[in-house]
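Single-structure report; data block below.
Residue numbers run from 1 in the order of the sequence given.
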Amino acid sequence: GTLLINSELMTYSGNNTSTNTISGVTRAQGGTADVEHANGSTVTNATDFTGFGEAVTASAVTLEPGLWSLNSFGEVLVATILNGKTFTWNAGVASPTSNRASTTTSGFETTNNPTATRTTLISPTTRHLIHFGTEVTIGNTGTQDDMFIRFSADESINEYTIEATNTAGSQRLQDGTRIVGALVAKENILVWTDNALYTMKFVGAPFTFGFEQVGTNCGLIGQNAAVEIDGVAYWMSNNGFFSFDGTVNSLPCSVEDFVYDNIDTTKGQQICAGINNLFTEVLWWYPSSGATFNDRSVIYNYGAKAPPGEMGNWYNNTNTNFNRTTWIDSLVYPKPYATAYNSTE
């Protein structure tokens with residue numbers, strides 16, 4: 001079996017239940033390091049844990065992929081795994097690449113954070129860490145509510161106790177069954193459920209954030225299916241394409257039937273949106289019916305302005321050399337960077 005002691009995985013070949021002893025121990029498994037452990041360290045039976053690249057048991061069914069929410073808190077990376085915990089990694093320490101992301105990063109602990117959250121986001125200016133689709137009772141995964149929002153005190157990503165002297169708080173949305181995604185768009189935070197769009201805006205004491213539903217029947221198809229450029233958000237829904245510039249607008253699409261007649265909407269969480277600002281394009285990569293990965297794309301040229309109600313410039317792409325699972329535009333680097341699925345690796 002396998003044991004987890006602090007952050008170190010150990011395997012063992014013998015387990016004597018009568019004497020309560022194990023034997024044949026091999027340390028530092030699964031890429032972990034063999035370190036000294038203090039007396040009283042928590043020992044966890046990790047036999048059923050599944051590592052990256054390992055096959056899960058037939059009884060383990062995952063309906064959504066293990067997507068990450070990645071945010072920056074100054075030099076600190078804040079990373080949340082879908083329906084899981086939040087970790088931090090400090091790029092500002094000496095030899096940062098020798099440290100692993102953790103819930104106990106010095107000065108940036110997340111030990112008081114919810115342990116089951118759909119997605120997270122750092123609010124602009126006020127720097128609250130916001131959990132979307134999270135636990136009503138922190139630390140109890142059984143209380144996860146896919147429509148519940150919880151946010152920390154400002155400038156304090158590990159303080160969630162709601163008090164009169166801080167700005168921590170919570171809110172539950174109503175329209176939809178789950179929060180799918182969120183992003184920052186100028187002065188607003190946009191929050192999508194599977195059926196509606198809400199704005200979340202800092203309003204100060206006593207409520208901290210104000211929430212307003214600005215659209216319905218326009219939900220987000222997947223966590224990464226929305227982008228924002230110049231204050232306008234573009235996203236893909238289960239039933240069409242939309243934009244938000246203060247008002248929700250349905251985008252007439254000349255290739256909409258081609259896309260939705262052959263898209264696998266059950267794999268919406270795999271859909272990835274991106275901006276190619278050099279060519280004023282919004283791109284969505286999506287899996288076609290029967291595909292196990294993104295094998296098609298649809299592109300909208302937001303720079304070619306169309307009169308209201310008329311279709312803009314749309315085109316689709318089935319080129320196998322253009323399939324992407326993630327995309328980031330040319331910001332830090334002079335060219336866009338993307339990843340692609342490779343079935344042989």
Using the ring centroid of each side chain, check whether Trp284 and Trp235 are separated by less than 6.0 Å. no

Hydrophobic clusters join Ile, Leu, Val, Met, Phe, Trp and Tyr when side-chain heavy atoms are under 4.5 Å apart, directly or via other members; which others share one with Tyr341? Phe293

Check: Asn83 main-chain N/O paired with Thr117 side-chain donor or acceptor under 3.5 Å: no

Between Ser250 (side chain only) and Phe242 (backbone N and O only), is there a donor and an acceptor less than 3.5 Å apart? no

Polar side chain donor-acceptor pair, Thr167 to Asp154, under 3.5 angstrom: yes

Going by atom types alone, do Thr105 and Ser102 pair a side-chain donor with an acceptor below 3.5 Å? no

Would you say Ser237 and Asn239 are linked by a side-chain donor-acceptor pair, where the criterion is simply a distance under 3.5 Å? yes

Are a donor atom and an acceptor atom from the side chains of Asn99 and Asn90 found within less than 3.5 Å of each other? no

Donor-acceptor side-chain pairing of Thr326 and Thr339 below 3.5 angstrom: yes

Have Asn294 and Thr325 got a donor and an acceptor in their side chains that come within less than 3.5 Å? no

Which residues pass the salt bridge (Lys or Arg N to Asp or Glu O under 4.0 Å) test with Glu281, not counting sequence neighbours? none

Heavy-atom side-chain proximity of Ile299 to Asn317 below 4.5 angstrom: yes

What salt bridge (Lys or Arg N to Asp or Glu O under 4.0 Å) pairs are there with at least one residue in residues 111-132, not counting sequence neighbours? Glu64-Arg118, Arg127-Glu155

Under a 3.5 Å distance rule, please check whether Asn313 uses its side chain to pair with a backbone N or O of Ala304 as donor and acceptor. no

Is a donor from one side chain sitting under 3.5 angstrom from an acceptor on the other, for Asn166 and Glu159? yes

Can you check whether Asn113 reaches Thr103 side chain to side chain, under 4.5 Å on heavy atoms? no

Heavy-atom closest contact (Gly222 atom, Val180 atom, distance): C-CG1, 3.5 Å

Just checking, is any N or O donor in the side chain of Asn323 or Tyr286 under 3.5 Å from an acceptor N or O on the other one? no

Tell me, which pairs form a salt bridge (Lys or Arg N to Asp or Glu O under 4.0 Å) where one or both residues lie in residues 8-21, sequence neighbours left out? Glu8-Arg27

Distance alone, cut at 3.5 Å: any donor-acceptor contact between the side chains of Thr265 and Asn238? no

Side-chain cluster (under 4.5 Å, hydrophobic types only) that Leu278 belongs to, other residues: Phe279

For residues Val78 and Leu129, determine if any side-chain heavy atom of one lies less than 4.5 Å from a side-chain heavy atom of the other. yes

For the CG atom on Asn319, are there more than 12 heavy atoms of other groups (residues, nucleotides or ligands in this structure) within a distance under 6.0 Å? yes

Contacts of type salt bridge (Lys or Arg N to Asp or Glu O under 4.0 Å), residue Asp34, not counting sequence neighbours: none

Surrounding CD of Glu36 (heavy atoms of other residues, nucleotides or ligands, distance under 6.0 Å), is the total greater than 12? no

Heavy-atom donor-acceptor pair, Asn195 side chain to Gly219 backbone, under 3.5 Å: no

With Arg150, which residues qualify under salt bridge (Lys or Arg N to Asp or Glu O under 4.0 Å), at least two apart? none

Checking Ser98 side chain against Ser95 main chain: does a donor-acceptor pair fall under 3.5 Å? yes

Taking atom types as modelled, is there a side-chain donor on Asp194 or Thr177 under 3.5 Å from an acceptor on the other? yes

Can you name the salt bridge (Lys or Arg N to Asp or Glu O under 4.0 Å) partners of Arg324, sequence neighbours left out? none

Taking atom CZ as the centre, does Arg172 end up with more than 12 heavy-atom neighbours from other residues, nucleotides or ligands that are less than 6.0 angstrom away? yes

Got a sec, which residues hit ring pair (Phe, Tyr, Trp, His ring centres under 6.0 Å) with Trp314, two or more places apart in sequence or on another chain? Phe241, Tyr300

Exercise: do Asn20 and Asn16 side chains pair donor with acceptor under 3.5 Å: no

Can you name the closest pair of heavy atoms from Ala46 and Leu9 and give their distance? CB-CD2, 4.0 Å

Connected to Phe148, directly or through other members, by ILVMFWY side-chain contacts below 4.5 Å are Val136

Can you confirm whether the side chains of Asp264 and Ser289 place a donor and an acceptor under 3.5 Å from each other? no

Does the side chain of Ser69 come under 3.5 Å of the side chain of Thr80 through a donor N or O and an acceptor N or O? no

May I ask you to list the residues sharing a hydrophobic cluster with Leu173, side-chain cutoff 4.5 Å, ordered by chain and number? Leu121, Ile130, Phe132, Met147, Ile149, Phe151, Ile179, Val184, Ile189, Val191, Tyr198, Met200, Phe202, Phe209, Phe211

Strictly by salt bridge (Lys or Arg N to Asp or Glu O under 4.0 Å), give each pair with a member in residues 217-235 just once, sequence neighbours left out. none

